K.L.:
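Before I ask anything, here is the structure I am working with.
Since we're looking at a predicted model, the values are computed, not measured. Residue numbering restarts at 1 for every chain, and letters A, B, ... go by the order of the sequence lines.
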2 protein chains.
Amino acid sequence: MSKAEAREGKKEGNASAEKILQAAKELFAERGFAAVSVRDISERAGVNKALLFYYFDTKAGLLHRILEQYYQAHAAALAPPASEGSTRVRMHALVTSYLDFMEDHHPYLQIVQHELQSNTEGLSMLRSGMRLLFTRVEELLGPITSDGHLHVRQFYISFAGLVITYFNYAPVLDVIWEGDPLSASNRRERRQHLHWMVDRILDGLQTCNPDQDIG
Amino acid sequence: MSKAEAREGKKEGNASAEKILQAAKELFAERGFAAVSVRDISERAGVNKALLFYYFDTKAGLLHRILEQYYQAHAAALAPPASEGSTRVRMHALVTSYLDFMEDHHPYLQIVQHELQSNTEGLSMLRSGMRLLFTRVEELLGPITSDGHLHVRQFYISFAGLVITYFNYAPVLDVIWEGDPLSASNRRERRQHLHWMVDRILDGLQTCNPDQDIG
DNA sequence: ACAATTATTAACCGAACGGTCAACGCCCGT
DNA sequence: ACGGGCGTTGACCGTTCGGTTAATAATTGT
């Protein structure tokens with residue numbers, strides 16, 4: 001066990017460590033892991049550069065810690081808030097909580113997107129986070145899809161894509177949208193559209209077989 | 001006009017320049033712009049490092065050139081292949097050609113995703129590329145959506161998200177899929193699902209008003 | 001009060017970075 | 001045969017990188 005790992009356990013809530021984490025979250029999201037230097041982070045956090053290595057062994061260790069926190073929070077946010085109600089109601093609740101988390105943790109998606117392209121060890125964490133959401137969708141859709149679990153994975157990645165892409169492409173959507181795509185009214189419009197999409201998909205699942213051949 | 005810009009015009013098809021472009025495409029896609037050094041690129045291309053600055057003024061200029069090529073190719077790929085047929089048929093054709101391009105130009109999406117997070121000038125190119133695809137979707141869906149152009153932008157980003165996300169998350173989908181998500185059979189399964197989604201959405205557009213309030 | 005532990009700092013390190021430059025081989029028109 | 005571009009090279013430059021270290025300030029247990 002390294003010094004920094006031991007430090008994590010004891011002094012989790014240290015003020016300087018928190019400032020470093022916050023600064024690193026922002027910078028990794030803005031420019032990506034490789035484009036951010038430890039000097040950048042320490043300067044924004046207002047602490048000495050060496051402190052970063054005191055609390056987190058390496059620059060990569062800092063990212064690791066950040067992703068860990070986010071995945072934990074994401075898993076908690078997707079914990080069954082109301083396991084009552086119809087599949088349709090629970091599906092809408094799932095999408096809503098997914099959207100809420102994205103809006104409340106803006107750097108999260110950007111860091112994940114960056115991590116997706118650089119083949120680091122962080123991908124294994126992403127996998128386990130994904131598995132959780134997949135399980136939830138499987139619970140909801142598995143019983144009602146025509147051939148059970150075979151196609152749930154398709155719906156899973158489709159739902160995730162519908163939610164994620166809007167935030168992912170927000171920096172360049174301003175040419176199509178009026179004003180900031182992340183403004184309150186535009187986020188509301190997006191929410192309405194997504195819930196409409198969920199309903200159309202669930203309608204289709206109840207009346208059709210997704211196994212048709214089109215081309 | 002810089003030396004390298006002049007060079008681009010004259011000796012576009014130079015063998016060494018092409019080797020550099022190819023190596024850079026691969027590496028930028030694998031690790032992202034910031035994580036790749038010009039030494040990495042020149043080594044994979046098998047040429048001297050200084051040649052990179054001879055043909056492209058800077059490392060950023062090289063990325064610029066690559067994106068330029070890809071956007072040109074993407075625009076061409078989405079050119080109206082068959083403007084005949086019903087909205088439904090043309091919509092399926094659009095999704096098909098989008099999928100084709102993604103499968104044929106693997107580094108493209110990865111480079112774009114990286115560019116999306118780093119606020120470089122390259123974003124303006126991304127915007128113009130986006131506008132083209134949006135115009136196409138607008139032609140197809142505008143006339144049949146209940147309140148015209150107001151919601152087309154929502155469908156646009158939704159369709160794009162459905163197509164893109166699968167490739168974007170491919171590196172971590174292997175835990176949910178069996179085998180490589182990019183294998184021929186798995187790509188075929190994804191295509192079928194997407195065409196089914198398109199049909200369900202078009203069904204909904206013809207019978208419903210997307211303006212309902214759900215929350 | 002004081003020793004021990006913890007937190008913080010400035011100075012420093014070798015390596016790698018993007019980029020420059022003078023020179024060299026090579027082909028080609030004359 | 002030879003002079004002039006073009007393509008190519010290795011050696012070099014200043015800067016910045018992630019990371020270390022020894023010393024010091026602050027806090028804590030007794």
K.L.:
Report yes or no: is the cationic atom of Lys25(A) (NZ for Lys, CZ for Arg) under 6.0 Å from the centre of the six-membered ring of Tyr70(A), at an angle within 45° of the ring normal?
P.N.:
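Yes, a cation-pi geometry holds between Lys25(A) and Tyr70(A).
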
K.L.:
Quick one: side chain to side chain donor-acceptor pair (under 3.5 Å) partners of Thr87(A), sequence neighbours excluded?
P.N.:
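Side chain to side chain donor-acceptor pair (under 3.5 Å) list for Thr87(A), sorted by chain: empty.
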
K.L.:
For a quick check, with a 4.0 angstrom heavy-atom cut-off, what is the B/S/- contact string for nucleotides 10-24 of chain C, read 5' to 3'?
P.N.:
B------BBBBB---

K.L.:
Going by the rule salt bridge (charged side-chain N to carboxylate O under 4.0 Å, His left out), which residues pair with Glu30(A) if we only count those two or more places apart in sequence or in a different chain?
P.N.:
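If we apply the salt bridge (charged side-chain N to carboxylate O under 4.0 Å, His left out) test to Glu30(A), skipping adjacent residues, the hits are Arg44(A).
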
K.L.:
Report the distance from atom CG of Leu51(B) to atom P of dG7(D), rounded to the nearest whole Å.
P.N.:
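Distance check: Leu51(B) CG to dG7(D) P gives 9 Å.
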
K.L.:
Given atom OH of Tyr54(A) and atom P of dT5(C), what is their separation to the nearest angstrom?
P.N.:
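It is 12 Å, rounded to the nearest whole Å.
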
K.L.:
Which dot-bracket string fits DNA chain C when only Watson-Crick or G-U wobble pairs with both atom distances under 3.5 Å count, crossing pairs get [ ], and | stands for a partner on a different strand?
P.N.:
||||||||||||||||||||||||.|.|||

K.L.:
Counting only side-chain N and O atoms of Ser16(A), is one of them less than 4.0 Å from OP1 or OP2 of dA7(C)?
P.N.:
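Result: no.
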
K.L.:
What integer distance in Å separates Asn14(B):CG from dC27(C):C1'?
P.N.:
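To the nearest whole Å, that distance equals 14 Å.
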
K.L.:
Give a yes or no on this: more than 12 heavy atoms of other residues, nucleotides or ligands lie within 6.0 Å of atom NE2 of His105(A).
P.N.:
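Yes, the 6.0 Å shell around NE2 holds more than 12 heavy atoms from other groups.
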
K.L.:
Whole-Å distance between dA7(C) C1' and Leu52(A) CG?
P.N.:
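Checked: the CG to C1' distance equals 14 Å.
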
K.L.:
With sequence neighbours left out, what residues match Gln110(B) under side chain to side chain donor-acceptor pair (under 3.5 Å)?
P.N.:
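Scan of Gln110(B) (side chain to side chain donor-acceptor pair (under 3.5 Å), adjacent residues dropped) gives none.
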
K.L.:
Restricting to pairs with a member in residues 107-120 of chain A, which pass salt bridge (charged side-chain N to carboxylate O under 4.0 Å, His left out), not counting sequence neighbours?
P.N.:
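Listed once each, the pairs would be none.
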
K.L.:
For Lys49(B) and Glu43(B), indicate whether the former's side chain and the latter's backbone hold a donor-acceptor pair under 3.5 Å.
P.N.:
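Checked: no pair found.
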
K.L.:
Answer yes or no: are there more than 12 heavy-atom neighbours, outside Gln72(B) itself, under 6.0 Å from its atom CD?
P.N.:
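No, because the 6.0 Å sphere around CD of Gln72(B) holds 12 heavy atoms or fewer from other groups.
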
K.L.:
Whole Å only: how far is the NZ atom of Lys19(A) from the C1' atom of dT9(C)?
P.N.:
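Atom NZ in Lys19(A) sits about 14 Å away from atom C1' in dT9(C).
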
